[in-house]
Amino acid sequence: MKIPKERLEKYRNIKREFSEEEYINIHPIQRGGVLTEEAMRALIEFGDGYSVCDFCPPKEARLDMITRPPIRDFYEDLAKFLGMDYVRVVTRCREAIFIAFKMLSKPNDYVIIDSNAHYSTYLAAELCELRIKEVPNNGYPEFKINLEAYVDKIEEVKKETGKLPSAILLTHVDYLYGNLNDAKIVGKIAKDYNIPFILNCAYSAGLMPINGKELGADIITGSGHKSWAASAPTGILAINESLKEKILARSKISGDITKREFKNKEVALLGCTVMGAPLITLMASFPKIVERVEKWEEEVNKTRYLVSELERIEGFKQLGIRPKLHTLTHMESESFYRVSLNHKRKGFFLYEELRERKIVGIQPGLTKHFKFNTYGLTWEQIKYVRDAFFDIAKKYNIEIH
Amino acid sequence: MAEWLGGGLQTRLLGFESSPWLHGDLMISEIKESINDLIKILSILRKKAPFHNLDENEKKELINILEEISKRINKIKEEIIKK
Ligand SMILES: Cc1ncc(COP(=O)(O)O)c(C=O)c1O
C-alpha cells in the first residue's frame with residue numbers, strides 16, 4: 001500500500017523537543033544516558049546498519065570476537081571494570097535479566113526478587129514462566145528492602161517446593177526511591193545457599209564504582225542508555241566464570257535436511273546482539289565512564305544539597321533512605337498538591353511551570369509527589385533548578401523556611 | 001566452512017585485515033572533523049543549558065573552535081575545487 005507523500009513529510013526532519021542543549025531534563029531515566037561528546041561523534045561514524053560488522057572474523061563470526069572496531073578488547077575491559085569475568089552487551093538491562101532467568105531456571109521454578117524491582121524484572125520472570133517471591137520493604141517513608149528477609153523467602157520456597165529457588169535478584173538501586181542496597185548482605189546469603197545471585201545495577205553501574213566480586217554477585221545486569229552515556233538499546237550482562245557455561249551456552253541445534261550447525265553461536269544471545277551505533281556509543285563513552293564513577297561522591301553531594309534546599313519549601317519531604325546515597329530522588333510535595341486542587345490546570349500546573357522555566361522531566365500531572373535525578377548537572381544547573389522551585393512556591397504563596 | 005558458521009560475509013569476500021581504503025581522503029576527513037568540532041561546541045553548550053550564559057573563557061574557547069572549523073571548511077573548498 002502506498003503512503004501519501006504528505007504523510008511521510010513528518011518523518012524527514014525529526015527533532016527532539018526537549019533537547020539536552022535547550023532544557024534541563026531531570027527525568028530519573030534520562031540523566032545517566034546523556035551522551036558524551038565522543039559518543040555523539042561515534043553515532044555519525046557508525047550510524048549505518050551493521051556498521052561494526054565490516055571485519056567480522058570468518059572463523060569466529062560473533063560480535064564479541066570483532067577486533068576492528070575493538071569490541072573484543074572492550075568486552076574484556078568492561079568485565080574488568082565491573083569486577084566480573086565475562087561481559088556481553090545485549091539490547092537492554094531487562095534482556096540481560098531475562099537471559100539470566102532463562103538460562104538458570106526451568107518453567108515453574110521460583111526466583112526471589114526485591115519488592116522495589118522494576119516492572120521489567122517481573123515480566124522477565126513471567127516470560128520464563130517462573131514464579132516469584134518478593135522480599136518486602138519497610139514501607140513509608142523509607143521503603144527500605146529488608147535484605148535479611150531473603151533468607152526467609154529462600155526457606156519459604158524450600159518448604160513449598162522441596163528445592164531452592166533458581167536465582168535471587170536484588171535491585172542495587174531502585175527506580176522508585178533511589179535507595180541503594182547493601183548488596184554484600186544478599187551476596188553472602190546467596191553464597192551460603194549456593195544460589196546464583198543476580199545484582200541488577202541498572203541505576204548504579206556506569207555511575208558509581210561497582211565491583212561484582214566484592215559484592216558477591218554471580219551476574220551483574222546494567223543499562224547502557226540509563227547509566228553509561230550510551231544510546232538505546234544497550235544493556236550489559238556480566239557474569240562470573242562459574243556461570244559461563246550455563247549463561248553463554250553454545251548452540252546445539254542442527255538442520256534435519258541441511259545438517260547445518262552453529263556451534264560457535266551463543267544461544268541466549270541469538271548469535272549477535274547490538275551490531276551497530278548503540279554499541280559504539282557505549283564504547284566511545286567508556287573512557288569517560290571510567291573517570292566519572294570516581295566522582296560519584298560529588299554527584300551525591302549535589303543531590304543532598306538540592307534535597308535540603310527543596311525541603312525548605314513547606315510540605316516538601318524526601319522519601320526513601322536518608323541521607324541520599326543516590327542521585328535519583330522521590331519527593332513528597334503536599335503544598336504543591338494543595339495548589340493543584342484549585343488550579344485551572346489541576347495537577348499539570350507544576351509540569352507547565354517548570355517547562356516554562358526550561359526544566360522538564362517531572363511526570364506531567366503529578367504534584368503530590370514526584371521523582372527527579374540530578375546526575376551530571378553542574379552546580380550552576382542544580383541551583384537553577386532550586387531557584388525555579390522556589391520561584392513557583394513563591395508564586396503560589398507557599399512558605400519557604 | 002566459514003559460511004556454515006554464519007556471518008562474516010564482507011570479511012570473507014574482501015579478505016580479513018586488508019583495508020587500504022580505510023584511511024579516507026582529506027576532504028572527507030575535514031568534513032568529519034568539522035562535524036566533530038561542532039559537536040564539541042554542542043557538548044559545551046549542553047553544560048550551560050538552558051540559557052547558555054558564557055563567561056569570557058568559555059566564549060574564547062568556543063570562538064577558537066569556530067575558527068578551526070572555518071579553516072577546515074576552507075580546506076574542504078580547496079579540495080572540492082581540485083576534484
Ligand atoms: C532498576 C531497573 N532495572 C531495569 C530497568 C530497565 O532498563 P532497560 O531499559 O535497560 O531494560 C529499569 C528502568 O527504569 C530500572 O529502573
Side-chain angles (χ1 to χ4, degrees), chain A residues 18-25 34-45 50-51 53-63 65-68 229 251 254-255 258-265 270-272 275 288 354-360 376-381 384-385 388, chain B residues 1-59 61-66 68-69 72-73 76:
Chain A
F18 297 147
S19 78
E20 197 61 25
E21 291 82 27
E22 294 192 69
Y23 287 86
I24 295 181
N25 192 337
V34 173
L35 292 188
T36 58
E37 181 190 326
E38 292 82 348
M40 285 198 264
R41 286 196 240 135
L43 258 186
I44 293 175
E45 192 69 23
Y50 289 89
S51 56
C53 302
D54 293 336
F55 298 96
C56 182
K59 289 205 178 91
E60 299 168 297
R62 228 172 56 200
L63 190 63
M65 292 297 177
I66 292 173
T67 55
R68 298 166 69 172
S251 165
S254 73
T258 62
K259 306 290 177 232
R260 293 177 71 199
E261 292 181 323
F262 311 93
K263 287 182 178 167
N264 78 328
K265 304 290 188 194
L270 301 178
C272 297
M275 304 86 123
K288 287 254 169 83
L354 286 169
R355 199 182 54 189
E356 256 177 46
R357 292 165 177 79
K358 298 259 182 189
I359 296 169
V360 293
L377 294 183
T378 62
W379 274 106
E380 200 181 337
Q381 289 170 323
Y384 176 73
V385 171
Chain B
M1 180 58 199
E3 260 148 61
W4 293 104
L5 296 170
L9 178 69
Q10 172 105 342
T11 326
R12 286 200 297 278
L13 295 176
L14 299 174
F16 189 56
E17 299 287 328
S18 60
S19 55
W21 57 86
L22 258 191
H23 311 286
D25 72 23
L26 185 64
M27 178 179 68
I28 300 296
S29 74
E30 291 297 336
I31 292 172
K32 288 191 174 177
E33 286 309 319
S34 308
I35 295 171
N36 290 346
D37 284 344
L38 283 169
I39 288 174
K40 192 176 281 173
I41 293 178
L42 273 184
S43 329
I44 293 168
L45 293 178
R46 283 178 156 208
K47 290 273 168 211
K48 307 299 291 183
F51 300 120
H52 312 125
N53 295 325
L54 303 168
D55 63 28
E56 286 312 309
N57 282 338
E58 287 160 343
K59 280 183 194 168
E61 187 184 358
L62 293 193
I63 287 168
N64 284 343
I65 302 171
L66 283 169
E68 274 305 303
I69 297 172
R72 290 188 192 285
I73 288 177
I76 298 166

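Values below: all heavy atoms of this structure, side chains included; hydrogens, waters and symmetry mates excluded. Protein chains get the first letters and strands the later ones, always in sequence-line order, with residue 1 at the start of each. Quick caveat, the model's predicted, so the values are computed rather than measured.
Residue B/Lys48 touches chain A through both its backbone and its side chain, counting heavy-atom pairs closer than 4.5 Å. Interface remark: A/Tyr50 contributes no atoms to any contact with chain B (heavy atom separation under 4.5 Å). Both the backbone and the side chain of B/Leu42 have a heavy atom closer than 4.5 Å to some heavy atom of chain A.
Listed options A/Glu380, A/Glu45, A/Arg62, A/Arg357 were ranked by heavy-atom pairs under 4.5 angstrom with chain B; first place goes to A/Glu45.
With B/Arg46 as the fixed residue, the side-chain hydrogen bond (donor to acceptor under 3.5 Å, both in side chains) test singles out one of A/Glu20, A/Glu21, A/Glu22: A/Glu21.
A distance of 12.0 Å separates CD1 of B/Ile35 from CZ of A/Arg41, quoted to the nearest 0.5 Å.
Residue B/Lys47 comes nearest to A/Gln381 through the heavy atom pair O-NE2, 3.4 Å, listed as atom of the first residue, atom of the second, then distance. Nearest heavy-atom pair across A/Ile24 and B/Pro50 is CD1-CD, 3.6 Å.
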